[in-house]
Amino acid sequence: MIEEIPLNFKFDPKNAKLNYPECRCGSCPLFYFNLLSVASRGSGKTYNIVKLITHYEQNKLIDNDGIEHPLRTILISPTVDANPIFKQLKSLDENDIHDKYSDELLQSIVDDIKKNKEETDEYNKYVKAYNKVVRFSERYLKVYLDKHKDIFEILSAYDFADPDEIPQPKYKVSPVNIIVLDDMVGSKAFTNKKESVLVNSLIKNRHNGISFCILAQSVKAIPKNIRANCNVFFIGKFASKKIILEDMYQEVSNILTIEQFEELYDKATEEQYGALTIDCSHKNKRFLKGLDTELIIK
């Protein structure tokens, strides 16, 4: 017989809630996600991704402080000319469309996003410090700054100038960045190397304020180290569903039987451009038919 003795072990962490901007509809994937979309050609991969991004464009992305964030979409696709639907996106600037992938390109995009974020953060830090002292008389300002050396250091960088007179960042509010990698099979993006630029970017996506959307025609073409860092999956139609079900089942094997998974897949893909969405960005995993209908097995 084994006796169990409860211990008086108390743990009361006081972690602040992550302040990520979110669409207030409450039904779409939560930022910052990494999404993998796999389906055969002509089965709706592009359609579903454009539909999702358009949804974010049409709804305000607001953080816990009530601040609205802009949306920036970046596309890397060698077949962009064959998918003009991407150009309907209002958040996709012509300068953010690239028809060739390289590790150097992706790294430069990520570095640019980080640079913009740092400049925005520094600018807003200056504005916040300036607003704290702008109404002080010269006498009280000196007393205040003597007690708050951090405020003095921030403002002295630009000699206490008005925020409108200092170098302006590209974004006053950091945007939500979505990087779409379309039709990258065979490129250097999909490598099993541990030091892969893409894998490293996927791992640090939340810190950098980036969501990745990876579109491919074969799940086997996506290395496991990339799939392991994705938490939203679009699974479209295939001529043979056996391979796709076996490869993707591991993502939900802890809550579904293979028979239940197959039932969900069949239901979600019964219509043209249908796809099974597995959304693990929420606290509880969700299964959807496309983006609009949640599927629940009773």
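By convention here, the first residue in the shown sequence is residue 1. Bear in mind that the values here come from a model prediction, so they are computed numbers and not experimental data.
- One N or O on the side chain of Q168 and one on the backbone of I166 form a donor-acceptor pair closer than 3.5 Å.
- Put simply, Y171 and V110 are part of two different groups of oily side chains (I, L, V, M, F, W, Y) that touch within less than 4.5 Å, one to the next.
- Of all the heavy atoms in R206 and F31, the pair that sits closest is NH1-O, 4.2 Å.
- The aromatic rings of F160 and F152 lie tilted to each other, with the angle between the two planes from 30° to 60°.
- Annotation: side chain of Q217 is in contact with side chain of D183 (closest heavy-atom distance under 4.5 Å).
- By the 4.0 Å N-to-carboxylate-O rule, K51 lies close enough to D292 to be salt-bridged with it.
- In this structure, I235 and T269 approach most closely via the heavy-atom pair O-CG2, 3.9 Å.
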V197/S201 under side chain to side chain contact (heavy atoms under 4.5 Å, CB included): CA gap, chis, key distance, verdict
CA-CA 6 Å; V197 173; S201 300; 4.2 Å; yes
Trace of the side chain to side chain contact (heavy atoms under 4.5 Å, CB included) decision for K267 with L264
CA-CA 5 Å; K267 183 66 177 177; L264 285 169; 5.8 Å; no
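- Atom OG1 of T73 is separated from atom CD1 of I53 by 4.5 Å, given to the nearest 0.5 angstrom.
- Taking the side chain as every heavy atom from C-beta outward, Y101 and P78 never approach each other to under 4.5 Å.
- Under the 30°/60° scheme for interplanar angles, the aromatic rings of Y158 and Y126 are found to stand perpendicular.
- If you chain together hydrophobic residues whose side chains sit under 4.5 Å apart, F233 and L288 never meet in one group.
- No side-chain heavy atom of E68 sits less than 4.5 Å from a side-chain heavy atom of V173.
- Rounding to the nearest 0.5 Å gives a distance of 5.5 Å between CD1 of I74 and CG of N177.
- Of the possible polar contacts, none joining the D279 side chain to the V232 backbone as a donor-acceptor pair under 3.5 Å is found.
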Run the side chain to side chain contact (heavy atoms under 4.5 Å, CB included) test on F287 and I296 for me, step by step, so that the C-alpha distance in whole Å, both residues' side-chain angles and the decisive distance to 0.1 Å come before the verdict.
CA-CA 7 Å; F287 306 94; I296 300 174; over 6 Å; no
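- Looking at D103 and Q107, their side chains never bring a donor and an acceptor atom within 3.5 Å of each other.
- Side-chain contact between N48 and S37: absent, with no pair of heavy atoms (C-beta onward) separated by less than 4.5 Å.
- Nearest heavy atoms, L276 versus A268: CA-CB, 3.6 Å.
- No donor-acceptor pair closer than 3.5 Å links the side chain of Q260 to the backbone N or O of I297.
- The distance from atom CG of N231 to atom NZ of K285, rounded to the nearest 0.5 Å, is 10.0 Å.
- A donor-acceptor pair under 3.5 Å is formed between the side chain of S281 and the backbone N or O of L30.
- In this structure, L89 and V50 have side chains that are in contact, with non-hydrogen atoms separated by less than 4.5 Å.
- Here the side chain of N124 pairs a donor or acceptor atom with the backbone of K172 at under 3.5 angstrom.
- Between E119 and K115 there is a salt bridge, since a side-chain N of the basic residue sits under 4.0 Å from a carboxylate O of the acidic one.
- Taking a 6.0 Å sphere around CZ of R135, one finds it holds 12 or fewer heavy atoms contributed by other residues, nucleotides or ligands.
- A single hydrophobic cluster is seen to contain both L105 and I210, as judged by linkage of ILVMFWY side chains at heavy-atom distances under 4.5 Å, directly or through other members.
- In this pair, Y144 and F136 present their aromatic rings perpendicular. The plane angle is above 60°, beyond the 30 to 60° band.
- Residues A216 and K45 come closest through the heavy atom pair O-CD, 3.1 Å.
- Under a 3.5 Å cut-off, the side chain of H69 and the backbone N or O of S174 do form a donor-acceptor pair.
- Pairing each heavy atom of M184 with each of S77, the nearest pair is CE-CA, 4.1 Å.
- Within the 4.5 Å cutoff, side-chain heavy atoms of Y56 are placed close to those of P29.
- At distances below 3.5 Å, at least one donor-acceptor pair connects side-chain atoms of D162 with backbone N or O atoms of D164.
- Note that the CG atom of N205 and the CD1 atom of I179 stand 9.5 Å from one another [nearest 0.5 Å].
- Placement of V134 and I151 within a single hydrophobic cluster is found when ILVMFWY residues are connected by side-chain heavy-atom separations under 4.5 Å, directly or transitively.
- The backbone N or O of R286 sits nowhere less than 3.5 Å from a side-chain atom of E294 that would complete a donor-acceptor pair.
- By the 6.0 Å contact criterion, NZ on K289 is enclosed, its count of non-hydrogen atoms from other residues, nucleotides or ligands being greater than 12.
- A donor-acceptor pair under 3.5 Å is absent between the side-chain atoms of Y32 and the main chain of K204, judged by distance alone.
- Residue G236 comes nearest to A39 through the heavy atom pair CA-CB, 3.5 Å, listed as atom of the first residue, atom of the second, then distance.
- In this structure, D96 and L75 have side chains that are not in contact, with every pair of non-hydrogen atoms separated by 4.5 Å or more.
- Partner of F234 under the side-chain contact (heavy atoms from CB on, under 4.5 Å) criterion, out of I278, V38, L291: L291 alone.
- Separation of atoms SG (C213) and CZ (F33) is listed at 4.5 Å; rounding is to 0.5 Å.
- Without hydrogens or angle criteria, S196 side chain to L198 main chain gives a donor-acceptor distance under 3.5 Å.
- Distance CZ/F212 to CG/L106: 5.0 Å, rounded to 0.5 Å.
- Ion pairing of K142 with D146 is present here, as a side-chain N (NZ or NE/NH1/NH2) and a carboxylate O approach within less than 4.0 Å.
- When hydrophobic clusters are built by joining Ile, Leu, Val, Met, Phe, Trp and Tyr residues whose side-chain heavy atoms come closer than 4.5 Å, directly or via intermediates, I214 is grouped together with I109.
- Side-chain atoms of M248 and Y265, non-hydrogen and from C-beta on, never get closer than 4.5 Å to each other.
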